[in-house]
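To start, the structure under review is shown below, and the notes come after it.
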Amino acid sequence: MAIGARDRIDAMLVRKYAMQKVDNPIIQTSMVDPEKMYEAMNDYAQMHLSMLNIQQKLKETCINAISGSIKYTKSRNIKVKKPEALATAP
């Protein structure tokens, strides 16, 4: 993520509001508790990791089931050439 203005409009807005002094006590009282936010992010990450693990196990199970049910059949009859036939061939 870049820091600073990306175009002319952003640069003008930065210049306009660079010197503004803001004293907003509501921000401190309405701020979410950092520990609570950390716990929520950790829970989300753990759930996402669990879902990825379940998805991988499901994929492996499906691959094993499909590969176990495949029946291989010969599509053509391949004859092995005998060494005498190879020796006489030009």
Side-chain angles (χ1 to χ4, degrees):
M1 189 157 70
I3 297 174
R6 288 178 273 163
D7 58 12
R8 267 188 40 204
I9 295 173
D10 284 345
M12 289 170 47
L13 288 171
V14 168
R15 275 197 303 274
K16 180 175 180 179
Y17 293 107
M19 297 311 221
Q20 295 292 326
K21 304 284 188 228
V22 178
D23 186 20
N24 195 351
I26 298 170
I27 293 175
Q28 294 298 323
T29 58
S30 67
M31 187 172 73
V32 177
D33 181 32
E35 283 298 316
K36 194 172 183 180
M37 179 62 83
Y38 175 73
E39 288 175 10
M41 290 170 60
N42 190 30
D43 291 343
Y44 181 80
Q46 290 296 326
M47 187 226 15
H48 188 67
L49 183 62
S50 297
M51 291 296 174
L52 286 174
N53 289 336
I54 291 171
Q55 184 181 14
Q56 185 63 33
K57 286 179 185 176
L58 179 63
K59 191 184 295 183
E60 289 172 2
T61 303
C62 290
I63 288 171
N64 289 338
I66 291 170
S67 65
S69 66
I70 293 175
K71 296 187 187 220
Y72 295 98
T73 59
K74 288 197 283 185
S75 60
R76 59 183 177 177
N77 195 3
I78 301 173
K79 294 183 180 179
V80 178
K81 292 186 179 182
K82 295 184 180 178
E84 306 103 31
L86 290 175
T88 59

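- Applying the 6.0 Å contact sphere to CD of Glu35 captures no more than 12 heavy atoms from other residues, nucleotides or ligands.
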Going by atom type alone, with no hydrogens or angles, which donor-acceptor pairs under 3.5 Å involve a side-chain atom of residues 44-55 and a protein atom two or more places apart or on another chain?
{"residue": "Ser50", "atom": "OG", "partner": "Gln46", "partner atom": "O", "Å": "3.0"}
{"residue": "Asn53", "atom": "ND2", "partner": "Leu49", "partner atom": "O", "Å": "3.4"}

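- Listed by chain and residue number, nothing satisfies the side chain to side chain contact (heavy atoms under 4.5 Å, CB included) test with Arg8 (two or more places apart in sequence, or in another chain).
- You'll find the side chain of Asp7 reaches within 4.5 Å of the side chain of Asp10, heavy atoms only.
- A distance of 11.0 Å separates CE of Met41 from CG of Asp43, quoted to the nearest 0.5 Å.
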